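Data first, discussion second: the structure below is written as structure tokens.
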Amino acid sequence: VGSVLSSYGWYMLLAVVAVYLLVQKVSRSLAARPSGRPGAAEAAEEPDVVVRRQEALAAARLRMQEELNAQAERYKEKQRQLEEERRRQKIAMWESMQEGKSYKGNLKLNQREVESGASASAVPKSKPNKKPLRGGG
């Protein structure tokens with residue numbers, strides 16, 4: 001026994017200390033955990049506190065739902081405006097095609113008009129009267 005202790009004494013001492021620390025840690029974690037019954041923590045609380053907490057939770061959910069509804073309404077309105085703009089562009093293309101103009105050129109012209117209408121510094125230029133390419137005969 002003496003030779004085993006002299007050879008492995010320090011190892012045994014370190015193993016005993018490690019086991020002791022492990023037992024302490026496990027006992028602390030078991031003490032910190034609530035009791036085995038799932039409703040034990042709720043039963044210990046005051047009923048008024050539980051009711052107030054549930055009311056606050058319901059109010060927070062309601063606020064979040066209202067915010068979500070408002071965001072959805074803004075998104076729908078934005079989509080309606082985009083759809084209306086697309087419809088106007090299609091109508092403008094159709095009218096320009098009926099007049100015999102190029103609708104692509106008309107689109108670019110319409111976009112330039114919108115941009116120039118937005119800027120106050122743009123001055124409309126008058127086009128000089130051009131002669132027809134073909135003669136009247």
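In this text the structure is predicted, and so the values were computed from the model without any measurement.
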Hey, does [Y] have a side-chain heavy atom less than 4.5 Å from the side chain of [X]?
X     : Y     : result
Arg88 : Ile91 : no
Gln71 : Glu67 : yes
Arg53 : Leu57 : no

Hydrophobic clusters here meaning ILVMFWY residues chained together by side-chain heavy-atom distances under 4.5 Å, can you tell me if [X] and [Y] are in one?
X     : Y     : answer
Val26 : Leu21 : no
Tyr20 : Val16 : no
Tyr75 : Leu68 : no

Could you give the distance from CZ (Arg63) to CD (Gln65), rounded to the nearest 0.5 Å?
->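 Between atom CZ of Arg63 and atom CD of Gln65 there are 13.0 Å.
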For the atom pair CG (Leu62) and CD (Glu66), what is the distance rounded to the nearest 0.5 Å?
->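 Nearest 0.5 Å value for the CG-CD distance: 4.5 Å.
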Between Glu83 and Arg86, is there a side-chain N and carboxylate O pair less than 4.0 Å apart?
->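 Here Glu83 pairs with Arg86 in a salt bridge, since their nearest N and O are under 4.0 Å apart.
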Gln79, Gln81, Glu73, Arg74 screened by side chain to side chain contact (heavy atoms under 4.5 Å, CB included) with Glu77, the one that passes |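 With Glu77 as partner, side chain to side chain contact (heavy atoms under 4.5 Å, CB included) holds for just one option, Gln81.
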